[in-house]
Amino acid sequence: MSAHTVSAEADTPNLFEEFSQSLAQGTFLLRWCKSCDRPHWYPRHICPFCIESETEWRESAGEGTIYSVSVSKKEGGAHVVAYVTLSDQVTILTSVVTDQPETLHIGQKVRVCRDQTLSGLPLFEVCDPR
Amino acid sequence: MTIKGSAYIVGAYEHPLRKAPHKSTSLLHLECALGAARDAGISLKDIDGYFCDADVPGLGPLAMVDYMGLKLKHFDSTESGGSSYLLHVSHAAQAIAAGKCNIALITMAGRPRSELAAKKAESPYIGPEGDWETPYDAGLVHMYAMCAMRHMHEYGTTAEQLAWIKVAASHHASHNPNAMLRNVVTVDDVLNSPMIASPLHRLDCCVISDGGGALIVTRPEIARSLKRPLVRVLGAGEAIKGQDGGNVDLTYSAGVWSGQRAFEEAGVTPADIDYASIYDSFTITVLMQLEDLGFCEKGKGGAFVADGQLISGVGKLPINTDGGGLCNNHPAHRGGIIKIIEAVRQLRGEAHPALQVQNCGLALAHGTGGPLGSRHGSATLIMERV
């Protein structure tokens, strides 16, 4: 039922545009497989696990923990690169916004920034920074 | 079909320059090709197979083959970053076994050190993940640093243990007149060097150098007609690991698969290996690959590399006796061919006398190309002296 068939060119959604527009309105979306019912990242038209089934958007809480992180210096501050494992059990490459980059660590709880994005992509912030 | 015993490495050449502002990259390729052909005792006119990466000047191999004047029956430009050349030896052995060519040439070269001022190294290698990743500007070093951070978290690996990998490389490089960094360094030197991307310091990172290398691979009967010591290809493996749709696991590399395939084909185990060339783009690369290849248990790499255990004549597993990418050479940001060349030197008994492994009969060369933390290609090659 959800097996992918080649659709007309005009019917193919631009996943990045749809994701970014939704994020700008405060909703963080993940692409899920209609057949195996798993989320994946980065979003694709065809599930990378089944490699045959179609996918759909579902809303995510946008919460997770830092799986790994690395901080380097750049002009005017710190450059943070992180993998965040979302509560949906998918790990995404992203960045964490913080004024204390030296305190970032694996296992730290983070959530999607509601008022800040990067070229249509999510940025994360530390929950309950102390 | 197996490649076991179907091909021999008969020529190997490492370009001596580490900075080449006045030579074109194409000329470096040709000088390496001529060096390997002279080492083998053949002419480039004898070459009928050519293997290169997709980083060579021109469209794939087309321009290089035309420039060098090669007349070929077979060519291949498999691209896997710095591990490409390990794949090329394997693919050359396959082509020879299949009768597609008799004498294969592999070349690589580059001038990132001379070109650094002229152009910032921008990655042209952007795939379908581009929209979703490029804005975060994750550099190659971040992609290795995050693996190190996770390894420390999961297994208690320390910065001191990683530093020992650089210390071993510096001991080896002190014997190599061509090495870019020849001073012996200490664990403290590594830890006191500037942090580049936490937890990796400057001395956890390989050098940026110009240069290149070349190899000649041929069938057994031709190898036996030449005058060089015989180095036989026993087994090879290749594998790609990515983010697996978001199932990211930074604790292991594709080396777990490429290594197993190579050991199975060769019919040997890690305990049989006398010398190993282990890709050292960063110190963490070495540590993870040693675990993934089975030289030690997963998570125990830190203890395995500490206290000089990788120094030839001192420790239990001599690696990268040329000084490796950390100290000797990392031409074009791609170290795989130098890994094979030093393994060939060890098997021939032609390594530096202070670092030559006694009765070196079985060697392994292994590489990781591309960013370890996102999408990388691993390749393993096992060779024996006959």
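What's counted below: heavy atoms across the whole structure, side chains too, no hydrogens, waters or symmetry copies. Proteins come first, then strands; the chains are lettered A, B, ... in the order of their sequence lines, and each starts at number 1.
At a 4.5 Å heavy-atom cutoff, A/Pro101 makes no contact with chain B through either its backbone or its side chain. For chain A, the nearby parts of B/Ser374 are the backbone and the side chain; heavy atoms of each come within less than 4.5 Å. Proximity to chain A (any heavy atom under 4.5 Å) is restricted, for B/Gln243, to the side chain, taken from C-beta onward. Only the side chain of B/Met143 comes within contact range of chain A, with at least one heavy atom under 4.5 Å from a heavy atom of that chain.
At least one side-chain heavy atom of B/Tyr136 sits under 4.5 Å from a side-chain heavy atom of A/Leu123. Side-chain contact between B/Tyr144 and A/Ser70 is absent, with no heavy atoms from C-beta onward closer than 4.5 Å.
Looking at every heavy atom in both residues, A/Tyr42 comes nearest to B/Pro128 through OH-CG, 3.3 Å. Smallest separation of non-hydrogen atoms from B/Pro135 and A/Leu118: O-CD2, 3.4 Å.
Between chain B and the options A/Gly107, A/Ser95, A/Pro48, the largest number of non-hydrogen pairs under 4.5 Å is found for A/Ser95. Most heavy-atom pairs under 4.5 Å with chain B: of the set A/Leu121, A/Leu15, A/Val69, this distinction falls to A/Leu121.
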Check the pair A/Phe49, B/Asn247 against side chain to side chain contact (heavy atoms under 4.5 Å, CB included), reporting the backbone distance first and the verdict last. CA-CA 10 Å; A/Phe49 303 120; B/Asn247 267 325; 3.8 Å; yes
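Partner A/Ser68 forms a side-chain contact (heavy atoms from CB on, under 4.5 Å) with one of B/Met146, B/His151, B/His142, B/His153 and no other, that one being B/Met146.
If you take CG on B/Asp249 and OH on A/Tyr67, they are separated by 4.5 Å, rounding to the nearest 0.5 Å. Put simply, OG on A/Ser119 and CG on B/Asp131 are 10.0 Å apart, with the number rounded to the nearest 0.5 Å. Annotation: the span from B/Arg150 atom CZ to A/Ile106 atom CD1 amounts to 5.0 Å, rounded to 0.5 Å.
In A/Asn14, the CG atom is crowded: over 12 heavy atoms of neighbouring residues, nucleotides or ligands sit closer than 6.0 Å. The number of heavy-atom neighbours closer than 6.0 Å to CD of B/Glu160, taken from other residues, nucleotides and ligands shown, is above 12. The environment of NZ in B/Lys298 is crowded: more than 12 heavy-atom neighbours from other residues, nucleotides or ligands sit within 6.0 Å.
Along residues 78-94 of chain A, the residues that come nearer than 4.5 angstrom to chain B, judged on non-hydrogen atoms, are A/His79, A/Val81, A/Ala82, A/Tyr83, A/Val90, A/Thr91, A/Leu93, A/Thr94 in order of number. Of all residues in residues 189-207 of chain B, those placing a non-hydrogen atom less than 4.5 angstrom from a non-hydrogen atom of chain A are B/Ile196, B/Ala197, B/Ser198. Within residues 280-292 of chain B, no residue has any heavy atom under 4.5 Å from a heavy atom of chain A. The interface of residues 21-30 of chain A with chain B, defined by heavy-atom distances below 4.5 Å, is empty.
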